[in-house]
Number of protein chains: 2
Amino acid sequence: MGAMSNVERAVSALRQMIFAGELPPGSDHLETELAEKLGMSRTPVREAALMLQAQGLVEMRPRRGIRISPVSAEDMAEIYDILTELESLAAARAAEAQYSKADLATLATAIRDMDAALGADDLRAWAEADDRFHRELVRLGRNARLSMVVSVMRDQVRRARATTLFMRPKPKQSNEDHRVVYQAIARGDAQTAHDTHHAHRQAARDMLVALLEKHQFHGL
Amino acid sequence: MGAMSNVERAVSALRQMIFAGELPPGSDHLETELAEKLGMSRTPVREAALMLQAQGLVEMRPRRGIRISPVSAEDMAEIYDILTELESLAAARAAEAQYSKADLATLATAIRDMDAALGADDLRAWAEADDRFHRELVRLGRNARLSMVVSVMRDQVRRARATTLFMRPKPKQSNEDHRVVYQAIARGDAQTAHDTHHAHRQAARDMLVALLEKHQFHGL
DNA sequence: TTATGCATTAATGTATACACAAATGGATGC
DNA sequence: GCATCCATTTGTGTATACATTAATGCATAA
């Protein structure tokens with residue numbers, strides 16, 4: 001069977017519950033509660049919570065339980081700033097790496113899927129493909145630490161996206177940007193790949209932050 | 001007395017031992033050993049190790065003990081790439097923030113101290129002031145998550161610096177760069193602050209990586 | 001009525017016990 | 001002599017027990 005430890009199970013279960021909104025941002029949960037809910041003892045739950053705390057998903061406060069970190073508009077601004085810089089660097093590095101068309105297949109597929117989803121008005125499918133594009137882009141940048149930092153930040157974004165996805169304008173410019181980045185990487189143009197992606201992310205940041213502020217999600 | 005938990009004690013003790021080279025990179029240590037050495041049970045040691053693992057300082061591998069992460073030249077290249085982007089962003093944001101001269105006092109002091117240390121040929125003092133400069137720069141950028149990521153990365157750099165500090169050329173250009181960045185921030189010139197710091201870090205990166213590669217520190 | 005102090009309660013931090021699984025060494029067969 | 005299998009050992013993962021300490025509520029006094 002799955003050679004999965006209880007700690008690992010706890011980490012994915014808690015993550016899932018957090019992303020699904022079952023554990024809402026700002027809510028507190030005793031170690032014992034969570035342990036019982038997950039059918040294990042406190043020990044693995046505590047260790048899982050420590051890991052999630054290191055990723056900024058929860059905060060452990062003595063005697064007040066495990067708090068699901070709230071995500072404010074200010075937090076999102078911070079996070080997008082980091083994503084903007086690091087993903088843009090990844091794009092540039094990917095361009096420098098002289099990948100073949102075959103190496104870039106996943107990227108191309110993601111772009112096609114986003115187009116299709118946009119045509120079908122399927123925002124969930126679009127978000128999934130968008131995620132895939134960005135994840136692959138970072139992978140191609142070949143910096144393991146950068147990938148890790150970005151994935152932690154993207155986890156936070158995902159939590160806010162559940163709320164905002166259906167409020168934002170159709171991501172049409174977005175697909176155009178992705179295509180330009182893809183082509184720049186394919187022909188080894190690091191500068192264009194970097195700058196285009198940078199502008200892309202910055203626009204997304206400004207849009208999202210404005211949206212969150214307008215809807216008073218200062219503490220989500 | 002000190003309201004410090006055993007976990008906190010374990011974290012700082014282990015960090016100190018790692019930075020001091022008492023626990024050399026690549027070495028393995030059983031949880032029981034460390035627990036005995038620190039005079040506590042396995043539980044807090046385990047929790048401390050989990051935290052340090054999240055920061056990339058150690059790796060926990062079942063039955064093989066807690067391994068002090070080695071730092072290779074490739075790792076350093078990754079780390080400096082991240083530092084370059086994030087610190088440059090912090091420099092730009094600091095410039096945008098329109099700080100007063102008084103707000104920038106710590107920065108100015110650090111620069112003066114570096115000059116003095118350079119004149120006195122005191123490399124340790126120079127490194128300390130350099131650290132202070134970069135830490136303050138990031139703080140002025142006002143992005144808590146960025147500060148955290150940068151501080152984790154800088155911890156890794158510090159480990160390698162112990163080895164390389166006395167091999168590198170005198171950091172003369174470095175001081176000049178810092179001064180330019182400082183002045184750009186003082187007059188609110190985000191672009192110059194960003195670009196100058198970016199070039200500064202990139203040069204440091206190339207120098208350090210070349211040095212590490214030359215000396216075959218592929219796995220430190 | 002409100003503030004203050006104390007007793008109570010209960011959650012965490014830490015120690016310890018134990019089962020399981022992986023690594024090790026030796027014995028056996030080729 | 002070398003490889004393979006099994007017994008043994010040992011470290012970890014998890015459960016549990018317990019002491020400490022902070023929060024809560026109640027009583028008392030201003």
Side-chain angles (χ1 to χ4, degrees), chain A residues 1-18 22-70 148 152 219, chain B residues 1-18 22-70 148 152 219:
Chain A
M1 278 283 277
M4 208 172 169
S5 76
N6 273 351
V7 178
E8 291 171 296
R9 259 189 291 278
V11 167
S12 27
L14 290 176
R15 282 175 56 93
Q16 193 154 5
M17 289 193 280
I18 290 171
E22 194 177 335
L23 302 178
S27 61
D28 289 323
H29 307 272
L30 299 180
E31 294 177 4
T32 317
E33 281 179 43
L34 293 176
E36 190 171 6
K37 185 158 10 197
L38 300 179
M40 57 184 76
S41 84
R42 274 178 55 217
T43 309
V45 172
R46 246 181 99 81
E47 297 195 355
L50 280 171
M51 292 182 181
L52 296 177
Q53 180 173 47
Q55 298 173 15
L57 285 180
V58 308
E59 296 152 45
M60 296 174 77
R61 296 184 312 170
R63 318 222 128 241
R64 319 208 57 171
I66 294 162
R67 158 158 298 182
I68 312 304
S69 302
M148 188 145 308
V152 166
Chain B
M1 280 287 274
M4 208 174 167
S5 75
N6 273 351
V7 177
E8 291 172 296
R9 260 189 290 277
V11 167
S12 30
L14 290 176
R15 281 176 57 92
Q16 193 154 5
M17 289 193 280
I18 291 172
E22 194 179 334
L23 302 178
S27 61
D28 290 321
H29 308 272
L30 299 181
E31 294 177 4
T32 318
E33 280 179 43
L34 294 177
E36 191 170 5
K37 185 160 5 199
L38 300 180
M40 55 184 77
S41 85
R42 275 178 54 218
T43 308
V45 171
R46 246 182 100 79
E47 297 194 356
L50 280 170
M51 292 181 180
L52 296 177
Q53 180 173 47
Q55 298 173 15
L57 284 180
V58 309
E59 296 151 44
M60 295 172 78
R61 297 184 312 171
R63 309 200 63 77
R64 319 207 58 172
I66 294 162
R67 158 159 297 183
I68 312 303
S69 303
M148 188 146 307
V152 167

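Order of the sequence lines sets the chain letters (A, B, ...), proteins ahead of strands, with each chain counted from 1.
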>> Any residue in residues 33-41 of chain A with a heavy atom nearer than 4.0 angstrom to DNA chain D? Just list them by number, or reply none.
In response: A:Met40, A:Ser41
> By a strict heavy-atom criterion of less than 4.0 Å, which residues belonging to residues 42-67 of chain A are in contact with DNA chain D?
Replying inline: A:Arg42, A:Thr43, A:Pro44, A:Arg63
Which heavy-atom pair separates [X] from [Y] by the least distance, and what is that distance?
| X | Y | value |
| --- | --- | --- |
| A:Ile66 | A:Val58 | CG2-CB, 3.8 Å |
| B:Met40 | B:Pro44 | SD-CG, 3.7 Å |
| B:Gly65 | B:Leu30 | CA-CD2, 4.1 Å |
| B:Val11 | B:Ala48 | CG2-CB, 3.6 Å |

>> Going by side-chain hydrogen bond (donor to acceptor under 3.5 Å, both in side chains), name the residues that satisfy it together with B:Ser27, two or more places apart in sequence or in a different chain.
In response: B:His29
> Earliest and latest nucleotide of DNA chain D, 5' to 3', sitting under 4.0 Å from a non-hydrogen atom of chain A?
Replying inline: D:dT14 to D:dA22
>> Could you work out, with salt bridge (Lys or Arg N to Asp or Glu O under 4.0 Å) as the rule, every residue matching B:Arg42, not counting sequence neighbours?
In response: B:Glu31
Tell me if the [atom1] atom of [X] is crowded by more than 12 foreign heavy atoms within 6.0 Å.
| X | atom1 | value |
| --- | --- | --- |
| B:Glu33 | CD | yes |
| A:Met148 | CE | no |
| A:Glu36 | CD | no |

> Quick one: side chain to side chain donor-acceptor pair (under 3.5 Å) pairs with a partner in residues 54-65 of chain A, sequence neighbours left out?
Replying inline: A:Glu59-A:Ser69
>> Rounded to whole Å, how long is the line connecting atom CG of B:Asn6 with atom C1' of C:dG13?
In response: 8 Å
